[in-house]
Undergrad: 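Below is the structure I would like to discuss, written out as structure tokens.
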Amino acid sequence: LVAWTAMLAANAKLGHLARAEKVFNEMPERDVIAWNAMLAGCARARILSRTKYLFDAMPERDSVSWNALLSAYALEGHLELAKETFDGMPERDIVSWSCLLSVYSLHGHLERASELFHRSPEWSIVSYSCMLDAFSKSGYVDDAKAMFNAMPEWNLIARNSLLDAYAQHGEIQQAKSFFDSFPERDDISWTALLNAFAHGGQLSKARDMLELIPHKHEPVPWNTILAAFARSGRFETAMQHLHEMELEGIPAD
RNA sequence: CCGUGGUUAAUGU
């Protein structure tokens with residue numbers, strides 16, 4: 001059962017919904033975790049009707065099922081349905097709270113996010129990260145930083161979030177020294193750093209930094225620079241950059 | 001106290 005569910009979840013995660021459903025249908029038995037995996041697959045594929053249908057058809061539901069449904073509504077931008085789901089849950093765990101918080105954060109509702117954060121019975125690293133993003137999105141870099149400092153522990157996502165806050169506001173020095181202090185970095189860290197230089201008016205420096213990225217052929221950092229050239233009205237440079245991308249074998253998507 | 005685990009929540013164009 002564990003192996004079947006792992007297969008199911010892997011297919012669902014890769015977006016192979018049909019294969020996931022095939023596994024689900026062929027499984028000799030299904031427990032609530034298998035149902036939840038199938039539910040999450042539909043949610044990720046953004047087939048809301050199927051997600052809701054599965055949810056209603058499940059023989060039993062736990063908080064993971066409810067959280068998956070909440071998350072499905074959030075993905076589709078149905079804030080009210082997400083809220084109704086949250087309110088209608090028989091019990092709310094720490095993920096339920098951070099899930100609804102993420103909905104408000106992602107959609108830029110700082111007031112609602114803040115209210116929910118303070119009403120939460122407990123905070124996880126995700127709750128803090130969501131609030132950090134909510135502040136950052138609304139332009140409150142200092143509050144984002146305060147939220148970061150208030151966290152009991154930090155991971156790469158939290159660090160990337162604050163780095164992105166600096167980057168979005170073009171605070172190059174802050175971003176640079178913060179980036180240098182990271183115990184580990186991923187492509188998102190690098191992209192955020194590029195963005196700091198791009199938004200801080202040092203576009204050619206940002207371009208040069210593409211060469212320093214460990215995974216040089218990730219398309220997102222290149223697209224970031226391309227977008228920055230376009231925003232600044234340097235269309236000739238943008239076209240040249242696009243040509244360089246072709247030469248590097250980076251597909252323009 | 002720490003680590004691990006078949007399903008759900010947070011970061012870049």
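In what follows, every chain begins at residue 1, and chains take the letters A, B, ... in the order their sequences are listed.
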Undergrad: Could you work out which one of U11(B), G6(B), A9(B) sits closest to the side chain of D31(A)?
TA: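 The listed nucleotide nearest to D31(A)'s side chain is G6(B).
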Undergrad: Is there a path from F135(A) to V126(A) through hydrophobic residues (I, L, V, M, F, W, Y) whose side chains come within less than 4.5 Å of each other?
TA: yes
Undergrad: Would you kindly check whether a donor in the side chain of S102(A) faces an acceptor in the base of A9(B), or vice versa, at under 3.5 angstrom?
TA: no
Undergrad: From CE of M38(A) over to P of U8(B), roughly how many Å is that when rounded to an integer?
TA: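 The distance from CE of M38(A) to P of U8(B) comes to 13 Å, rounded to the nearest Å.
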Undergrad: Whole-Å distance between G12(B) C1' and Y166(A) OH?
TA: 17 Å
Undergrad: Where do F55(A) and W66(A) land on the ring pair (Phe, Tyr, Trp, His ring centres under 6.0 Å) test, with the steps shown first?
TA: CA-CA 8 Å; F55(A) 181 83; W66(A) 283 91; 5.0 Å; yes
Undergrad: Assess whether one donor atom and one acceptor atom, taken from the side chain of N160(A) and the base of A10(B), lie less than 3.5 Å apart.
TA: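 By the distance-only test, no, there is no pair.
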Undergrad: Of the listed nucleotides (U8(B), G6(B), G12(B)), which one gets closest to any side-chain atom of S71(A)?
TA: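 Of all the options, the side chain of S71(A) is nearest to U8(B).
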Undergrad: Among G6(B), U13(B), A10(B), find the nucleotide with the atom closest to the side chain of A9(A).
TA: G6(B)
Undergrad: How many whole angstroms separate atom CG of L226(A) from atom C1' of G12(B)?
TA: 15 Å
Undergrad: At under 4.0 Å between heavy atoms, what does S124(A) touch on the DNA or RNA strands: base, sugar-phosphate, or nothing?
TA: base
Undergrad: Assign R44(A) to base, sugar-phosphate, or nothing according to its heavy-atom contacts below 4.0 angstrom with the strands shown.
TA: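 Answer is sugar-phosphate: R44(A) comes under 4.0 Å of backbone atoms only.
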Undergrad: Of all the choices, U13(B), A9(B), U7(B), which nucleotide is nearest to the side chain of C99(A) once you look at every atom?
TA: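 Side chain of C99(A) sits closest to A9(B).
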Undergrad: Closest approach to the side chain of I125(A), judged atom by atom: which nucleotide of G6(B), A10(B), G12(B) is it?
TA: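 Nearest nucleotide to the side chain: A10(B).
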Undergrad: Expressed as a whole number of angstroms, how long is the span from N36(A):CG to A9(B):C1'?
TA: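 For the pair N36(A) CG and A9(B) C1', the rounded distance is 14 Å.
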Undergrad: For the residue pair F148(A) and Y128(A), is the inter-centroid distance of their aromatic rings smaller than 6.0 Å?
TA: no
Undergrad: Could a donor-acceptor pair under 3.5 angstrom be found where the side chain of D186(A) meets the base of G12(B)?
TA: no
Undergrad: Using a heavy-atom cut-off of 4.0 Å across all strands, would you classify S161(A) as base, sugar-phosphate, or nothing?
TA: sugar-phosphate
Undergrad: Name the nucleic acid region contacted by L8(A), choosing base, sugar-phosphate or nothing; use a 4.0 angstrom heavy-atom cut-off, strictly under.
TA: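 Nothing: the residue L8(A), judged by heavy atoms under 4.0 Å, touches no strand.
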Undergrad: If you check the D187(A) side chain, which of U11(B), U8(B), G12(B) turns out closest?
TA: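 Comparing U11(B), U8(B), G12(B) against the side chain of D187(A), the answer is G12(B).
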Undergrad: For the side chain of R30(A) and the backbone of N25(A), is there at least one donor-acceptor N/O pair under 3.5 Å apart?
TA: yes
Undergrad: Starting the side chain at C-beta, find the nucleotide from G12(B), U7(B), A10(B) nearest to A37(A).
TA: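 From the listed options, U7(B) comes nearest.
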Undergrad: Of the non-hydrogen atoms in S232(A) and L203(A), which two are nearest, and what is the gap between them?
TA: OG-CD2, 3.8 Å
Undergrad: Under 4.0 Å between a side-chain N/O of K13(A) and OP1 or OP2 of U8(B), yes or no?
TA: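 It does, given that an N or O in the side chain of K13(A) lies less than 4.0 Å from OP1 or OP2 of U8(B).
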Undergrad: What contact category does E218(A) fall into here, base, sugar-phosphate, or nothing, at under 4.0 angstrom with non-hydrogen atoms?
TA: nothing
Undergrad: Describe the nucleic acid contact of D93(A) in one word from base, sugar-phosphate, nothing, applying a heavy-atom distance below 4.0 Å.
TA: nothing
Undergrad: Any base atoms under 4.0 Å from D62(A), or only sugar-phosphate, or nothing? Heavy atoms, all strands.
TA: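 Nothing, no heavy atom under 4.0 Å.
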Undergrad: Measure the distance from NE2 on H217(A) to P on U13(B) and round it to the nearest whole Å.
TA: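 The distance from NE2 of H217(A) to P of U13(B) comes to 21 Å, rounded to the nearest Å.
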Undergrad: May I have the distance from N195(A) (atom CG) to U13(B) (atom P), rounded to whole angstrom?
TA: 6 Å
Undergrad: Within this structure, what is the CZ-to-P distance between F178(A) and U11(B), rounded to whole angstrom?
TA: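 Rounded to whole Å, this separation is 16 Å.
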Undergrad: Does NZ or CZ of R159(A) come closer than 6.0 Å to the centre of the six-membered ring of F178(A), within 45° of the ring's axis?
TA: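 So R159(A) doesn't make the cation-pi contact.
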Undergrad: Describe the nucleic acid contact of T224(A) in one word from base, sugar-phosphate, nothing, applying a heavy-atom distance below 4.0 Å.
TA: sugar-phosphate
Undergrad: Could you state the atom-to-atom distance from CZ of R92(A) to P of U8(B) in whole Å?
TA: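 So the CZ-P distance, R92(A) to U8(B), works out to 21 Å.
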Undergrad: Give the nucleotide from the list A10(B), G12(B), G6(B) with an atom nearest to the side chain of D133(A).
TA: A10(B)
Undergrad: Within the supplied structure, the quantity of interest is the number of heavy atoms (other residues, nucleotides, ligands) at a distance under 6.0 Å from Y140(A) OH; does it exceed 12?
TA: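 Open.
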